[in-house]
Amino acid sequence: MKSRIISTGYYLPQKVLTNSDLEQMVDTTDKWIKQRTGIYERRIAEQDEASSDMGSRAAEMALKRGNIDPKEVDAVICATITPDHFFPSTAALIQKDLGLSNAFALDVSAACSGFVYALALADSLIKSGGASTIVVVATEKMSTITDWTDRSTCILFGDGAGAAILRPTDENRGILSSHMMADGNMGDLLIVPAGGSRIPASTESVKQKSHFIKMSGNEVFKVAVRKMIESSHIVMKEAGLATSDIRLLIPHQANLRIIDAISKRMRLEKDQVYVNLDRTGNTSAASIAISLADADEKKIIQKNDNIILASFGGGFTWAGMALKW
Ligand code: UT7
């Protein structure tokens, strides 16, 4: 028995923040941002629109497309690093919003790897018989942890959400293999230092802007390329797939130069690699979820296509997954 994604959904906020808007906010240029990241614009959520609101919209679309009665859902797993609150979990808020009254709910915190981690956990739950209809959501309001005066990070991130519904299947398609890994030794290279039990919120922590993302971009870049390739190869080997078998690699949408480096080293053709970061920026955990739902909606992926997901993020965490669609 396998688990299979039976439907997907996504949500992007209306408001668009362009590179020229950013030129008015920090010392940067449209040219630099495009050349160094490949990003043209990103979406920004409204002030009263929290991560659970976006996650609910994405999950609602996936339920509708899958023709699933909310009462049939037995678990909600939400990947996010921008939860509405410390607790209750964002998954519990989505469970309430959508009337998923027979479901348990929990959040997964694995930064940009969150969606692939959550899918892998849902796959295990299904295989062990712990649940049979699972809503996996990834939602991020990155704009709330972005320092809008730091040009090295504020040009990168965007808000949005994606969702996928998993069910068991006896068909010879679905999740073929997955791989999750972490190295906490490099945690300080990509971090929101304050707001937790180590540095609780204080006048001082706010003054020092310690509630925003701090990133050593260059170092993250190098490890991200290496680990996304490594994860992809591990899941391809386990699934018995060669490069030529891959219809689509959906890598975490962090930087076009990272994606290009991975594609080149994996010898993938341009049309085998999905890119949407030009319009969304880096939406952390939501990035692969939005991409998968978009590729599904646009019919870029069809029944029985082989797909590889590859993610990398704070922690450090990284993960890969091979699926037959
Ligand atoms: O989602 C989790 C994973 N995250 C990632 O994978 C992000 C990985 N890192 C990156 O994408 C890239 O490292 C960045 C896009 C963040 C930065 O690109 P870079 O090519 O590594 O640039 P850099 O940090 O080495 O900076 C090059 C120069 C510096 O100036 P000097 O010291 O050479 O004079 C920076 O001060 O570019 C300058 N710079 C900027 N200039 C204009 C940095 N940010 C900007 C900016 N506009 N926004």
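Note that these values count all heavy atoms, side chains included, but never hydrogens, waters or copies made by symmetry. Order of appearance sets the numbers: ligands from 1, and atoms from 1 within every ligand.
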For atom 30 (O) of ligand 1, the protein heavy atom that lies nearest, with its residue and separation: Arg151 NH2, 4.4 Å
Path from Val116 to Trp325 over hydrophobic side-chain contacts below 4.5 Å: yes
Contact partition for Thr37 relative to ligand 1, non-hydrogen atoms under 4.0 Å: side chain
Atom 8 (C) of ligand 1: nearest protein contact (heavy atom, Å): Gly217 O, 3.6 Å
Ile258 and ligand 1 - part of the residue with a heavy-atom distance under 4.0 Å: side chain
Ionic contact status for Asp260 with Lys264, cut-off 4.0 Å: no
Side-chain touch Cys112/Trp318, heavy atoms, less than 4.5 angstrom: no
Closest protein heavy atom (residue, atom, distance) for atom 21 (O) of ligand 1: Asn218 OD1, 3.2 Å
Closest non-hydrogen atom pair between Phe316 and Leu190, with its separation: CE2-CB, 4.3 Å
Selection from Ser113, Ser152, Ser287, Gly314 by shortest heavy-atom distance to atom 16 (C) of ligand 1: Ser152
Residue part near ligand 1, for Val26, under 4.0 Å between non-hydrogen atoms: neither
Side-chain ion pair, Glu41 and Lys34, N-O less than 4.0 Å: no
For atom 17 (C) of ligand 1, the option (of Phe157, Phe316, Trp32) bearing the nearest heavy atom: Trp32
